[in-house]
Asks: 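Below: one structure in structure tokens.
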There are 2 protein chains.
Amino acid sequence: MALEHAILVSLLEKPGSGYELARRFERSIGYFWTATHQQIYRVLKRMESEGLLAVREMSQQSRPDKKEYSVVGPGRTALSQWLHEPIQPESIRHELAVKIRGAAFDNPSVLIREVERHRQVHSDRLAHYQAGELRDFTGPAAATPLDAGQELQHVVLRGGIAYERMTIAWLDDVLATLRRLSTAHPPA
Amino acid sequence: MALEHAILVSLLEKPGSGYELARRFERSIGYFWTATHQQIYRVLKRMESEGLLAVREMSQQSRPDKKEYSVVGPGRTALSQWLHEPIQPESIRHELAVKIRGAAFDNPSVLIREVERHRQVHSDRLAHYQAGELRDFTGPAAATPLDAGQELQHVVLRGGIAYERMTIAWLDDVLATLRRLSTAHPPA
DNA sequence: TCCTTCTATGCAACTCGTTGCATAGCCAAG
DNA sequence: CTTGGCTATGCAACGAGTTGCATAGAAGGA
């Protein structure tokens with residue numbers, strides 16, 4: 001149940017509503033954990049009923065009311081306990097890699113467009129991460145010195161940057177391979 | 001339904017039983033797509049009933065009987081069709097990254113052991129991939145020249161190697177950060 | 001002989017995650 | 001004034017994935 005823990009972390013960093021959490025899962029937290037709003041609302045409700053979170057109804061002007069969630073004692077304890085438990089190292093799920101191996105049983109050139117599209121997405125993500133890094137950690141407007149929380153956010157972001165860079169380089173390798181095979185065996 | 005397609009690819013590469021597929025999902029295919037035997041048996045049964053696969057009962061000596069599955073016409077068509085459809089670029093799910101950000105709300109040093117353990121696992125995987133690369137693609141015993149299928153398997157394996165290398169380097173960065181923060185704020 | 005390990009298949013129950021749909025207030029543009 | 005977009009929350013149904021358990025033949029060691 002890592003979603004639960006991701007929510008605890010995000011709400012400890014800053015309390016917010018389900019909607020706001022869904023936004024955060026599209027950026028920051030979402031770089032390494034994704035969730036849809038439906039999932040988030042469901043889990044928030046459960047966590048609140050389990051006493052991990054507190055809710056506060058907020059009436060807003062010029063916007064619908066919202067429910068602001070924040071972490072209470074037992075939630076913090078649950079997070080701390082989870083931090084002490086081992087988790088099993090990630091198992092990758094890379095659908096594109098399945099496709100690439102599958103291309104051996106069709107024409108490799110059909111994948112070129114698809115791989116180029118993926119490359120573009122990763123390239124955009126990299127630019128986005130780098131802009132965030134400059135804004136929050138390495139630029140002139142960044143806090144100095146960084147506190148522990150910021151240092152940890154930064155090292156996670158560096159992981160995202162390293163991942164995107166590696167992926168882009170690999171996709172270039174894939175493209176070169178696909179193009180080579182397409183030349184050798186032109187489309188029927 | 002990428003599991004279905006991963007199974008098609010694996011069975012096209014070589015027909016086999018559910019048990020054998022489960023083994024393959026622990027190595028080769030499993031480098032980028034994981035599945036348990038229960039999942040595999042369930043999906044194989046469904047795919048067979050949908051006419052994508054053919055089964056052959058094989059009685060074996062000194063072993064229980066097995067059912068050997070192989071891809072038939074409609075299965076191949078289904079794979080080919082899937083290759084032409086776009087898929088959405090991967091969203092990472094990195095539980096360890098959630099933990100690292102969560103460490104800001106506990107003591108960062110509690111994660112050092114955990115991160116070291118993960119580093120070891122990735123380091124072992126890298127060694128395993130590199131041994132496979134030498135055996136199948138770059139060593140003296142490798143086929144020359146490689147056919148299209150082997151070229152594609154190789155480029156996927158290179159992706160796995162790049163991923164593990166990148167991850168190990170990042171985990172070293174994480175460890176350095178955690179150690180720095182632990183020194184600055186020694187355990188209570 | 002008994003215990004464990006490996007091959008081989010499967011059910012049942014559950015949790016996690018996705019997709020489609022619905023509601024509702026407010027704002028701005030056409 | 002209607003349409004579309006953004007904030008905000010939620011239900012229902014389904015599909016994907018995990019966990020625990022069960023069965024069973026054969027091999028090999030204590």
Side-chain angles (χ1 to χ4, degrees), chain A residues 1-7 15-27 29-30 32-50 53 55-69 82 85 87-95 98, chain B residues 1-8 11 15-27 29-30 32-50 53 55-69 82 85 87-95 98:
Chain A
M1 263 180 292
L3 176 56
E4 194 174 300
H5 300 112
I7 287 174
S17 67
Y19 189 83
E20 283 161 359
L21 280 171
R23 299 277 130 245
R24 291 184 210 173
F25 274 87
E26 283 172 7
R27 356 172 240 95
I29 292 277
F32 46 84
W33 204 266
T34 60
T36 59
H37 76 271
Q38 291 86 346
Q39 233 185 311
I40 291 166
Y41 284 121
R42 202 195 292 148
V43 173
L44 280 175
K45 198 161 272 193
R46 196 194 63 219
M47 289 170 75
E48 196 262 321
S49 79
E50 288 170 355
L53 302 178
V55 208
R56 201 160 54 109
E57 295 269 348
M58 311 268 283
S59 55
Q60 301 183 107
Q61 292 155 334
S62 72
R63 281 180 192 192
D65 294 356
K66 67 172 182 178
K67 298 180 183 172
E68 197 186 69
Y69 290 88
W82 176 67
E85 287 163 13
I87 53 176
Q88 60 182 32
E90 318 299 319
S91 44
I92 324 166
R93 287 258 164 125
H94 212 302
E95 206 173 349
V98 179
Chain B
M1 262 179 292
L3 176 55
E4 195 174 301
H5 301 112
I7 287 175
L8 285 173
L11 290 180
S17 67
Y19 189 82
E20 282 161 359
L21 280 171
R23 297 277 131 244
R24 291 184 210 173
F25 274 86
E26 282 172 8
R27 358 171 238 94
I29 293 277
F32 46 85
W33 204 266
T34 60
T36 59
H37 77 272
Q38 291 86 347
Q39 234 184 311
I40 291 166
Y41 283 122
R42 202 195 293 147
V43 173
L44 280 175
K45 198 161 271 192
R46 196 194 63 218
M47 290 170 76
E48 196 261 321
S49 77
E50 287 169 356
L53 302 178
V55 208
R56 202 159 54 108
E57 295 269 347
M58 310 269 282
S59 55
Q60 300 183 109
Q61 291 157 334
S62 72
R63 281 181 193 193
D65 295 357
K66 68 172 181 178
K67 299 179 183 173
E68 197 186 68
Y69 289 88
W82 176 68
E85 288 164 12
I87 53 176
Q88 60 182 31
E90 318 300 319
S91 44
I92 325 166
R93 287 257 165 124
H94 211 302
E95 206 173 349
V98 179

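Naming convention: chains lettered A, B, ... in sequence-line order (proteins, then strands); numbering from 1 in each chain.
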Asks: Can you tell me the distance, in whole Å, between the NZ atom of A:Lys67 and the C1' atom of C:dA24?
Replies: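 Answer to the nearest Å: 14 Å.
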Asks: For C:dT7, take OP1 and OP2 only and decide whether either is under 4.0 Å from a side-chain N or O of B:Lys66.
Replies: no
Asks: By salt bridge (Lys or Arg N to Asp or Glu O under 4.0 Å), which residues pair with B:Arg56, not counting sequence neighbours?
Replies: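 Per chain and number, B:Arg56 pairs via salt bridge (Lys or Arg N to Asp or Glu O under 4.0 Å) with B:Glu68.
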Asks: Using the test salt bridge (Lys or Arg N to Asp or Glu O under 4.0 Å), find all partners of A:Arg23 that sit at least two apart in sequence or belong to another chain.
Replies: A:Glu26
Asks: Write down the distance between CG (B:Leu3) and P (D:dG17), rounded to a whole number of angstrom.
Replies: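 For the pair B:Leu3 CG and D:dG17 P, the rounded distance is 6 Å.
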Asks: Check each residue of residues 15-24 of chain B for a non-hydrogen atom within less than 4.0 Å of any atom in DNA chain D, then write out the ones that pass by number, or none.
Replies: none
Asks: Which residues pass the ring pair (Phe, Tyr, Trp, His ring centres under 6.0 Å) test with B:Tyr41, not counting sequence neighbours?
Replies: B:His37
Asks: Take the protein atom OH of A:Tyr41 and the nucleotide atom C1' of C:dG17, then report the distance between them rounded to whole Å.
Replies: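 Rounded to the whole Å, the gap is 17 Å.
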Asks: To the nearest angstrom, how far is A:Phe25 atom CZ from C:dC16 atom P?
Replies: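 After rounding, the gap between these two atoms is 14 Å.
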Asks: Just jot down the ring pair (Phe, Tyr, Trp, His ring centres under 6.0 Å) partners of A:Trp33, sequence neighbours excluded, or say none.
Replies: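 A:Trp33 satisfies ring pair (Phe, Tyr, Trp, His ring centres under 6.0 Å) with no other residue.
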Asks: Please report the distance, rounded to the nearest Å, between CD in A:Glu26 and C1' in D:dC6.
Replies: 12 Å
Asks: Just how far, in rounded Å, is C1' of C:dT15 from CD of A:Glu4?
Replies: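 About 12 Å, once rounded to whole Å.
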Asks: Under the salt bridge (Lys or Arg N to Asp or Glu O under 4.0 Å) test, which residues partner B:Arg46, sequence neighbours left out?
Replies: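 Listed in chain order: B:Glu4, B:Glu50.
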Asks: Evaluate whether atom CD of B:Glu85 has more than 12 neighbouring non-hydrogen atoms of other residues, nucleotides or ligands under 6.0 angstrom away.
Replies: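 Yes, because the 6.0 Å sphere around CD of B:Glu85 holds more than 12 heavy atoms from other groups.
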Asks: Atom CD of B:Glu57 and atom C1' of C:dG10: how far apart are they, to the nearest Å?
Replies: 14 Å
Asks: Taking only residues two or more places apart in sequence or in another chain, which ones pass side-chain hydrogen bond (donor to acceptor under 3.5 Å, both in side chains) with B:Lys67?
Replies: none
Asks: Take A:Lys45 and B:Arg46, find for each the nucleotide of DNA chain D with the closest heavy atom, and name the residue whose nucleotide sits nearer the 5' end.
Replies: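 By nearest-heavy-atom nucleotide position, the 5'-most residue is A:Lys45.
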Asks: Rounded to whole angstrom units, what separation is found between the CZ atom of B:Arg93 and the P atom of D:dT18?
Replies: 12 Å
Asks: Find every protein N or O atom lying less than 3.5 Å from an N or O atom of nucleotides 19-25 of chain D, and list the pairs.
Replies:
| unit_1 | atom_1 | unit_2 | atom_2 | d |
| --- | --- | --- | --- | --- |
| D:dG20 | O6 | B:Gln38 | NE2 | 3.3 |

Asks: Salt bridge (Lys or Arg N to Asp or Glu O under 4.0 Å) with B:Glu90: which residues, sequence neighbours excluded?
Replies: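 None.
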Asks: Where is the tightest heavy-atom contact between A:Phe25 and A:Ala6, given as atom of each residue plus distance?
Replies: CZ-CB, 4.0 Å
